[in-house]
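Read the structure below first, then the notes.
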Amino acid sequence: MDPQRVATLTERAIRFPEPGELGVLLQEAESPSYVLVERQFRYNLSVLERVAKESGAKILIALKAFACRPLLPLLSKVVSGASASSPHEARLAFEEVGGEVFLCSPAYGSEDWKSLDGRLDKVVFNSLAQKDLWMRTIVRDHAPVDFGLRINPEHSEVNIELYDPCFDGSRLGVRSEDLSLTDLSGISGLHFHTLCENDVDALERTLAVVEGKFGWSFRYLDWVNLGGGLQITRDEFEVDRLIHLLDEFRKRTGLEVYLEPGEAFALGAGVLVTTVLDIVQNKGERAILDISAMAHMPDVLEMPYRPEVWGAWRKGEKPFDYQLCGRSCLAGDVVGDYSFDHPLKVGDRLVFGDMGQYTMVKNTTFNGLQLPSIAVLREDGTLETTKRFGYETFRERLG
């Protein structure tokens, strides 16, 4: 299949491994398994490193999107630190990434601080009530940290409400009318995270809103975290424009600027290798795979979207049509409709693209399904399986 053809099938070009790499995956990878391609991962790192150097912004890895431990040592050489959404992510950031550790959660409990003393650099509060509840406690009882507030610009750039923190009535972030009545003593920064799979123009519009509503507070602050959601490493992304935007904003405001991409680190660098287990005839041919859309690639059903498969086309474009289905008992465990040049048969291997982000961090063992193994395809062509999951994984999660 011509890789250029893939770009016409989706809104963005999907990068698949090179032919030689695909050969290794099809012949040597365990099934099912998530495989991270080191070559592509290093390319993504180089793009993000350039953004940091030329814009003056600091890049954090958002662990909620990508936290593949075998690649964190490579990543830690490029980023300034990590963004965590929970105490567990914060501890992983401290132990495996290093640099600055940002913690931003919708709410905190008293137990959260016990395991994190000395492991945090910045704590972001989602509400003024949380600030009032915890800031003095943290200052009194724990190692010193900087404090920030998450803000809600009330400006939406995301079409799907499930992923839009600015929908009407959202629980996420402090609105400008409330911040204007707040004593900012002890607060050193603001944080907003309002983008999802967006381009530079979305950030540009959002920054204009943020400056208009919250710019008065900048003179009291040291930093601002612009969040993630920008697909910086996508082929069509306007990297130069982003660099200019960040540089101008940083110089204009005098604030230290952070970005926390997650998906951008993994775009095109991860695949899911799977095998056809059965083909069911019922008003068309339905191939049941050794994975589950719901359990192993949940964004397929949540977004929803249709992931690309190497060598596959859209339904009706080739002679042999199949609906690719998961193996769980959920009736709607369906990945999507595809067509192939040749008929599928039991035992055939398929490779789903763009499976590095929001898969390993979100998968489940629903139905007792075995989680896919995790592997890294190194630059020298060797395939290194770094983690396997079995019955004990399923059992231990149940108490």
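Quantities reported herein were computed from a predicted structural model and do not represent experimental measurements.
- Atom CG of D333 is separated from atom NE2 of H296 by 9.0 Å, given to the nearest 0.5 angstrom.
- Not one N or O on the side chain of T182 forms a donor-acceptor pair closer than 3.5 Å with the backbone of L184.
- Between S373 and R388, the side chains place no donor N or O within less than 3.5 Å of an acceptor N or O (distance only, hydrogens not considered).
- Heavy atoms of other residues, nucleotides or ligands lying less than 6.0 angstrom from CG of D380 number more than 12.
- Residues that satisfy the ring-ring contact (aromatic ring centres under 6.0 Å, His included) test with F352, not counting sequence neighbours, are absent from this structure.
- For the pair W223/N225, a side-chain contact is recorded, criterion being any heavy-atom separation below 4.5 Å from C-beta on.
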Q.
Set out, in order, the CA-CA distance, both residues' side-chain angles and the distance that settles side-chain contact (heavy atoms from CB on, under 4.5 Å) for W216 and R219, then state yes or no.
A. CA-CA 7 Å; W216 63 268; R219 65 182 180 273; 4.3 Å; yes
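- Once rounded to the nearest 0.5 Å, the distance linking CG of D299 with CE of M297 reads 10.0 Å.
- Shortest non-hydrogen contact noted between S339 and R314 is OG-O, 2.7 Å.
- Aromatic ring pairs are classed by plane angle as parallel below 30°, tilted from 30° to 60° and perpendicular above 60°; the pair Y338 and F340 is tilted.
- Classification of R15 and D354 as a salt-bridged pair fails, no side-chain N sitting under 4.0 Å from a carboxylate O.
- Smallest separation of non-hydrogen atoms from L103 and A90: CD1-CB, 4.3 Å.
- Closest approach of V97 and I61 over heavy atoms only: CG1-CG2, 4.1 Å.
- Going from atom OG of S292 over to atom CG of L369 covers 6.0 Å, rounded to the nearest 0.5 Å.
- No donor-acceptor distance shorter than 3.5 angstrom exists from the side chain of Q40 to the backbone of G268, with no hydrogens or angles considered.
- Inspection of the N126 and Y108 side chains reveals no N or O donor paired with an N or O acceptor under 3.5 Å.
- Contact annotation: the side chain of D348 never approaches that of T275 to less than 4.5 Å [non-hydrogen atoms, C-beta and beyond].
- Under a 3.5 Å cut-off, the side chain of S80 and the backbone N or O of L60 do not form any donor-acceptor pair.
- Between V145 and D121 there is no side-chain heavy-atom pair separated by less than 4.5 Å.
- Put simply, NZ on K77 and CG on L72 are 12.5 Å apart, with the number rounded to the nearest 0.5 Å.
- Contact annotation: the side chain of V224 never approaches that of H191 to less than 4.5 Å [non-hydrogen atoms, C-beta and beyond].
- Contact annotation: the side chain of L377 approaches that of V24 to within less than 4.5 Å [non-hydrogen atoms, C-beta and beyond].
- The two atoms that bring K64 and S85 nearest to each other are CD-OG, 3.7 Å, heavy atoms only.
- Both L26 and V35 are members of a single hydrophobic cluster when ILVMFWY side chains are connected at heavy-atom separations under 4.5 Å.
- E28 meets the side-chain hydrogen bond (donor to acceptor under 3.5 Å, both in side chains) test with no other residue; sequence neighbours excluded.
- Salt bridge present: E308 and R306 bring a charged side-chain N and a carboxylate O closer than 4.0 Å.
- For the pair L45/F265, a side-chain contact is recorded, criterion being any heavy-atom separation below 4.5 Å from C-beta on.
- Summarising the geometry, atom CG belonging to D141 is positioned 8.5 Å from atom CG belonging to D117; distances are rounded to the nearest 0.5 Å.
- Side-chain N/O atoms of D222 and S188 include no donor and acceptor closer than 3.5 Å.
- To the nearest 0.5 Å, atoms CD (E49) and CD1 (I59) are separated by 10.5 Å.
- The main-chain N or O of A29 is found under 3.5 Å from a side-chain atom of R349 such that the two form a donor-acceptor pair.
- Between H142 and W113, the angle of the ring planes lies from 30° to 60°, which puts this pair in the tilted group.
- Between K315 and D321, none of the side-chain N atoms (NZ, or NE/NH1/NH2) sits under 4.0 Å from a carboxylate O, so this pair counts as no salt bridge.
- With hydrogens and angles disregarded, no donor-acceptor distance shorter than 3.5 Å links the side chain of D278 to the backbone of A287.
- For H193 (side chain) and G228 (main-chain N/O), a donor-acceptor pair under 3.5 Å exists by modelled atom type.
- Contact detail for C166 and N152: the closest heavy-atom pair is SG-OD1, 3.3 Å.
- Salt-bridge annotation for R378 and E38: present, with a side-chain N of the basic residue lying under 4.0 Å from a carboxylate O of the acidic one.
- L203 and Y163 fall within a single hydrophobic cluster, where Ile, Leu, Val, Met, Phe, Trp and Tyr side chains are chained together by heavy-atom contacts under 4.5 Å.
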Q: List the steps and the verdict of side-chain contact (heavy atoms from CB on, under 4.5 Å) for Y322 and I279.
A: CA-CA 9 Å; Y322 294 88; I279 297 175; 4.2 Å; yes
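- Residue K362 qualifies as enclosed at atom NZ: its count of foreign heavy atoms under 6.0 Å is above 12.
- Between the side chain of S328 and the backbone N or O of L330 there is at least one donor-acceptor pair closer than 3.5 Å.
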Q.
I'd like to know whether V51 forms a side-chain contact (heavy atoms from CB on, under 4.5 Å) with L242, so could you lay out the CA-CA distance, the side-chain angles of the two residues, the decisive distance to 0.1 Å, and finally the verdict.
A. CA-CA 8 Å; V51 170; L242 174 64; 4.2 Å; yes
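- T393 places no side-chain N or O within 3.5 Å of a backbone atom of F389 that could act as its donor or acceptor partner.
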Q: List the steps, then state whether side-chain contact (heavy atoms from CB on, under 4.5 Å) holds for V334 with L324.
A: CA-CA 6 Å; V334 174; L324 301 184; over 6 Å; no
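- Follow the hydrophobic side-chain contacts under 4.5 Å out from V300 and you reach L162 in the same cluster.
- By the criterion of side-chain heavy atoms lying less than 4.5 angstrom apart, applied directly or through intervening Ile, Leu, Val, Met, Phe, Trp or Tyr residues, V335 is not grouped with L277; the two fall into different hydrophobic clusters.
- For C68 against I374, the heavy-atom pair with the smallest separation is SG-CG2, 4.0 Å.
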Q: Before giving the answer on side chain to side chain donor-acceptor pair (under 3.5 Å), spell out for N198 and Q231 the whole-Å C-alpha distance, their side-chain angles and the decisive distance to 0.1 Å.
A: CA-CA 6 Å; N198 286 111; Q231 294 186 317; over 6 Å; no
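- L230 and Y43 fall within a single hydrophobic cluster, where Ile, Leu, Val, Met, Phe, Trp and Tyr are joined by side-chain heavy atoms under 4.5 Å apart, directly or via other members.
- Within 6.0 Å of atom CZ in R69, 12 or fewer heavy atoms from other residues, nucleotides or ligands are found, so the atom counts as exposed in its surroundings.
- Within a 6.0 Å radius of CZ in R136, no more than 12 heavy atoms belonging to other residues, nucleotides or ligands are found.
- Counting only N and O atoms by type, the side chains of Y358 and E302 include no donor and acceptor under 3.5 Å apart.
- Between E256 and R250 there is no salt bridge, since no side-chain nitrogen of the basic residue lies less than 4.0 Å from a carboxylate oxygen of the acidic one.
- For F125 and W134, the ring centers are positioned 6.0 Å apart or more.
- With a 6.0 Å radius and a threshold of 12 heavy atoms from other residues, nucleotides or ligands, K318 has its NZ atom above the threshold.
- A 4.5 Å side-chain heavy-atom check between D341 and F320 finds every atom pair outside the cut-off.
- Salt bridge present: E111 and K114 bring a charged side-chain N and a carboxylate O closer than 4.0 Å.
- Side-chain atoms of T233 come within 3.5 Å of backbone N or O of A264 as a donor-acceptor pair.
- T365 contributes no side-chain N or O that, together with a main-chain N or O of G368, makes up a donor-acceptor pair within less than 3.5 Å.
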